[in-house]
Amino acid sequence: MTQEDIIKRCIDNTAKESRYEDLGVLFFAREFLSQCRGYRQSIIHYRMMKEALDLFNPKYKNRLERQKWIKIFREGAKSTHFSFAFPLYLINLVGGTIYVRSEAEGWEGSDRHDYDIFEVNIGKEFILILSETHASAERFTMNIRTEIEGNRYMRQIFGDKSPKGIEDDTTGLWRRDSFITSDGVIVFGQGAGQQIRGMLPYGMRPTLAIFDDIYSRKNTVTPQTREKIRYWFFAEAINSVDTMKGKVILVGTMLHEDTVFTDIAKSNQWKGVEYPVISEEELQIAISKCSIDQSTGQLILPSENELDEMQNNFKSLAWRDRQNIRFILSSYKEKYDIGKTSYFYQEYLHILSSPDDVTYKDEQVTFTPITYYRQDNNNIIELDWNTYRWAGVCNLVIGVDIASSERESSDDTAILIGGWAKLYPIIDGYDYISSLDIHPNKRNGIHLPIMVDGCSGKFDVYATNEKKGIVNTVIDYVQKYKVKQVIVETNAQQGLIYREIKKKLYDVDHTVLVKSHNTTNRKEDEINSCLLPIFQGSKTVVFNKIPIMYNTFTQLKHLGVASKDDCADAMKNIFIYAKQVVNGYDPQSINDLHIATKRKKNLEYETDWMVY
């Protein structure tokens with residue numbers, strides 16, 4: 001390519017996600033920086049850089065409108081892109097114009113064909129890089145300076161930027177943590193907690209502040225250290241950025257819930273995104289494929305074929321080429337074998353708890369395929385548990401948790417089906433009475449809470465070409481599972497949707513009871529008060545072995561620290577109202593259910609078929 005062709009590709013940031021590697025800033029990184037050539041970039045890097053470029057959108061008028069936070073999994077190349085490639089991109093294109101595609105704002109499912117192209121004239125930025133320590137911030141600054149001085153190819157295309165040091169106002173010595181280019185771009189590095197207010201080299205305030213991993217386990221260990229960083233961030237660092245031209249990016253990995261990440265996530269003056277290495281749902285599926293070495297207690301990874309199958313089928317792998325499912329499970333195993341899985345969840349999924357220290361534990365649940373069918377006007381399920389095949393009547397309820405808003409960052413809408421089942425064992429080679437006589441449960445059946453089916457996501461009230469409809473989906477599940485009770489959580493505007501569900505369901509089946517449920521306590525407290533007694537008082541809670549159920553249980557395990565709790569809330573709505581099965585089904589259905597197997601035997605009493 002000619003010099004002109006290379007520059008054209010660098011300034012063109014209009015590529016869609018389907019061509020993510022063509023984004024100008026990513027092309028620049030691959031073309032000129034050796035640190036970015038050893039791996040294939042991911043769509044996550046495209047999205048990260050789009051967030052950074054969006055800060056230059058002329059529609060924003062001041063610093064308060066240009067503030068973003070980004071949580072990225074460990075080893076996601078966040079520092080390489082935000083504290084190295086992006087500053088070099090701005091330095092080399094100063095005085096030029098770049099073109100950026102701006103997607104339509106809105107929540108997931110919005111029309112992605114609606115977009116604008118905006119122009120950005122790259123001016124003389126004052127780039128301030130802030131990290132946990134002054135040494136790490138200085139290292140970022142020196143890496144940029146070294147690249148400018150030593151990269152002959154970059155100098156050939158964009159010209160000599162001739163960085164020179166900046167004199168310290170106090171000592172008169174040249175500073176190692178800062179420099180200025182021949183074009184007038186200033187780069188400064190400072191550590192968390194260092195004085196920044198009043199920093200005005202050459203009469204300029206910082207115009208781009210990049211906070212890169214300002215937290216570590218060391219400075220989050222006590223409330224005092226966390227409060228010190230909080231005060232510095234809000235009172236010193238943020239306020240030092242130029243009011244009109246300022247842009248702020250906070251990037252890092254979640255290490256503690258009491259950080260500025262939590263504070264700014266509550267503010268509508270900050271926009272933020274999270275990029276986990278894999279979705280919670282697919283991680284749980286992958287973990288379920290592992291086994292435990294009973295002699296050592298260590299985790300055993302799935303077979304090569306199973307790993308390949310998951311690698312090909314999983315949709316949420318953030319960096320498929322570098323952090324594949326083998327790497328993810330190996331990282332999980334490393335922490336599991338030393339009893340520190342919480343570190344994995346923090347560093348790779350931004351979740352501040354793990355299966356080791358959660359209220360809802362793996363040993364309390366069973367994931368198994370559930371077979372559902374209708375028999376003699378009853379809902380019947382069959383499942384495998386505790387080495388036996390079980391069958392029985394179930395009392396199913398639909399629980400609906402409607403999204404609080406249409407914002408992409410809000411909870412999804414969740415619609416789940418579950419309830420109580422009254423099960424008894426099916427043992428081949430014995431008739432019904434003999435089976436009960438030899439089975440550990442003898443003449444007693446067992447009541448188990450079950451979760452059968454469901455879905456979650458972004459819904460409209462009624463189905464459209466782009467989205468499912470809440471009303472349509474509820475009606476479909478009522479007809480499929482012959483459910484007679486639907487519980488809808490109603491807060492604020494959700495009451496309108498509840499009334500639509502109730503009205504339409506009455507037209508379809510007037511025997512279905514639709515109830516509203518209002519949450520008066522904290523969601524977490526209400527979920528725990530309903531579900532904890534069920535988990536602790538049942539021999540097991542049975543989840544159908546489908547993705548939505550893994551997602552539901554994951555939300556329960558990380559309740560209070562996970563980003564969403566919609567499925568957990570829908571499950572709570574089910575069990576607030578679901579009742580245990582009091583009586584079994586009709587005796588004439590015994591043979592049809594295959595409970596009497598090889599020999600038929602007259603029942604001594606008419607109630608012998610029942611299991612309590």
Side-chain angles (χ1 to χ4, degrees), residues 29 33 35-36 42 44-45 47-49 51-52 55 67-88 127-144 176-178 187-194 196 206 208-222 225-234 236-238 240-241 247-265 270-277 318-319 322-323 331 335 342-352:
L33 309 178
Q35 296 88 332
C36 299
S42 162
I44 293 300
H45 303 124
R47 292 170 180 168
M48 291 192 311
M49 290 295 93
E51 294 292 337
L55 293 173
Q67 301 180 137
K68 296 202 175 192
W69 58 265
I70 303 173
K71 295 181 192 174
I72 311 170
F73 54 89
R74 186 187 177 199
E75 300 178 56
K78 58 181 178 296
S79 295
T80 301
H81 285 84
F82 281 110
S83 298
F84 184 63
F86 192 60
L88 281 167
I127 303 171
L128 178 62
I129 301 175
L130 305 112
S131 193
E132 180 211 351
T133 65
H134 182 263
S136 59
E138 181 181 292
R139 186 167 57 252
F140 287 141
T141 305
M142 289 301 297
N143 288 342
I144 295 171
R176 288 174 48 84
D177 58 9
S178 59
V187 180
F188 230 103
Q190 289 287 82
Q194 287 191 290
I196 299 174
L208 174 61
I210 302 171
F211 294 82
D212 187 347
D213 275 336
I214 61 173
Y215 283 106
S216 68
R217 298 194 186 281
K218 183 178 179 181
N219 64 12
T220 57
V221 69
T222 67
T225 56
R226 296 193 298 272
E227 185 58 34
K228 180 180 178 181
I229 297 298
R230 176 180 284 110
Y231 176 83
W232 167 81
F233 182 83
F234 287 110
E236 298 286 339
I238 292 295
S240 71
V241 180
K247 299 164 284 290
V248 180
I249 307 173
L250 172 64
V251 295
T253 301
M254 198 70 171
L255 295 177
H256 197 282
E257 61 182 356
D258 184 24
T259 64
V260 295
F261 270 114
T262 304
D263 299 331
I264 62 181
W270 285 80
K271 295 180 181 179
V273 288
E274 295 184 6
Y275 298 121
V277 72
W319 199 352
R322 186 177 176 93
Q323 296 184 330
S331 300
K335 303 301 188 294
S342 60
Y343 294 170
F344 175 87
Y345 280 84
Q346 289 175 16
E347 294 171 348
Y348 290 102
L349 273 79
H350 319 303
I351 294 175
L352 298 172

Taking only residues two or more places apart in sequence, or in another chain, which ones meet [X] in a ring pair (Phe, Tyr, Trp, His ring centres under 6.0 Å)?
X: Phe344; result: Tyr332, Tyr348
X: His45; result: His81, Trp319
X: Phe73; result: none

Flag, side chain of [X] to backbone of [Y], donor-acceptor distance under 3.5 Å:
X: Arg226; Y: Thr220; result: yes
X: His350; Y: Tyr275; result: yes
X: Asn143; Y: Phe140; result: no
X: Glu51; Y: Met48; result: no
X: Ser42; Y: Ala318; result: yes

State which residues pass side-chain contact (heavy atoms from CB on, under 4.5 Å) with [X]; sequence neighbours excluded, sorted by chain then number.
X: Ala192; result: Ile214, Ile229, Trp232
X: Ala85; result: Ala29, Leu33
X: Asp177; result: His134, Glu138, Arg175, Phe188, Gln190
X: Arg230; result: Glu227, Phe234, Asp258, Val260, Asp263

Problem - Between OG1 on residue Thr133 and NZ on residue Lys218, distance to nearest 0.5 Å - result: 9.0 Å

Problem - Rounded distance (nearest 0.5 Å) linking atom CD of Gln194 with atom CD of Glu236 - result: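 That separation rounds to 12.0 Å.
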
Quick one: side chain to side chain donor-acceptor pair (under 3.5 Å) partners of [X], sequence neighbours excluded?
X: Ser131; answer: Ser136
X: Gln323; answer: none
X: Thr80; answer: none
X: Thr225; answer: Thr222

Work out which heavy atom in [X] is nearest to a heavy atom in [Y]; give both atom names and the distance.
X: Ile129; Y: Pro87; answer: CD1-CG, 4.5 Å
X: Ala52; Y: Ile249; answer: CB-CD1, 4.0 Å
X: Gly189; Y: Ala137; answer: C-CB, 3.7 Å

Got [X] and [Y] here, is their nearest side-chain heavy-atom distance under 4.5 Å?
X: Thr141; Y: Ile144; answer: no
X: Ile210; Y: Leu128; answer: no
X: Val241; Y: Val248; answer: yes

Handout entry: side-chain contact (heavy atoms from CB on, under 4.5 Å) between Asp213 and Lys78, intermediate numbers included
Key = CA-CA 9 Å; Asp213 275 336; Lys78 58 181 178 296; 3.2 Å; yes

Practice task
Would you mind telling me which of Leu55, Ile238, Leu250 makes a side chain to side chain contact (heavy atoms under 4.5 Å, CB included) with Gln67?
Solution key: Ile238

Practice task
Run the numbers on Phe233 and Phe211 for ring pair (Phe, Tyr, Trp, His ring centres under 6.0 Å), then give the verdict.
Solution key: CA-CA 9 Å; Phe233 182 83; Phe211 294 82; 4.9 Å; yes

Exercise for the section: Evaluate the criterion side-chain contact (heavy atoms from CB on, under 4.5 Å) for residue pair Ile70 and Phe82; output intermediate values, then yes/no. Expected result: CA-CA 11 Å; Ile70 303 173; Phe82 281 110; 3.6 Å; yes

Problem - side-chain contact (heavy atoms from CB on, under 4.5 Å) assessment of Val221 paired with Asn219 - result: CA-CA 6 Å; Val221 69; Asn219 64 12; over 6 Å; no

Exercise for the section: I would like to know whether Met254 and Leu349 meet side-chain contact (heavy atoms from CB on, under 4.5 Å); could you show each step before the answer? Expected result: CA-CA 9 Å; Met254 198 70 171; Leu349 273 79; over 6 Å; no

Problem - Glu132: partners by salt bridge (Lys or Arg N to Asp or Glu O under 4.0 Å), with sequence neighbours left out - result: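 For Glu132 there are no salt bridge (Lys or Arg N to Asp or Glu O under 4.0 Å) partners, ignoring immediate neighbours.
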
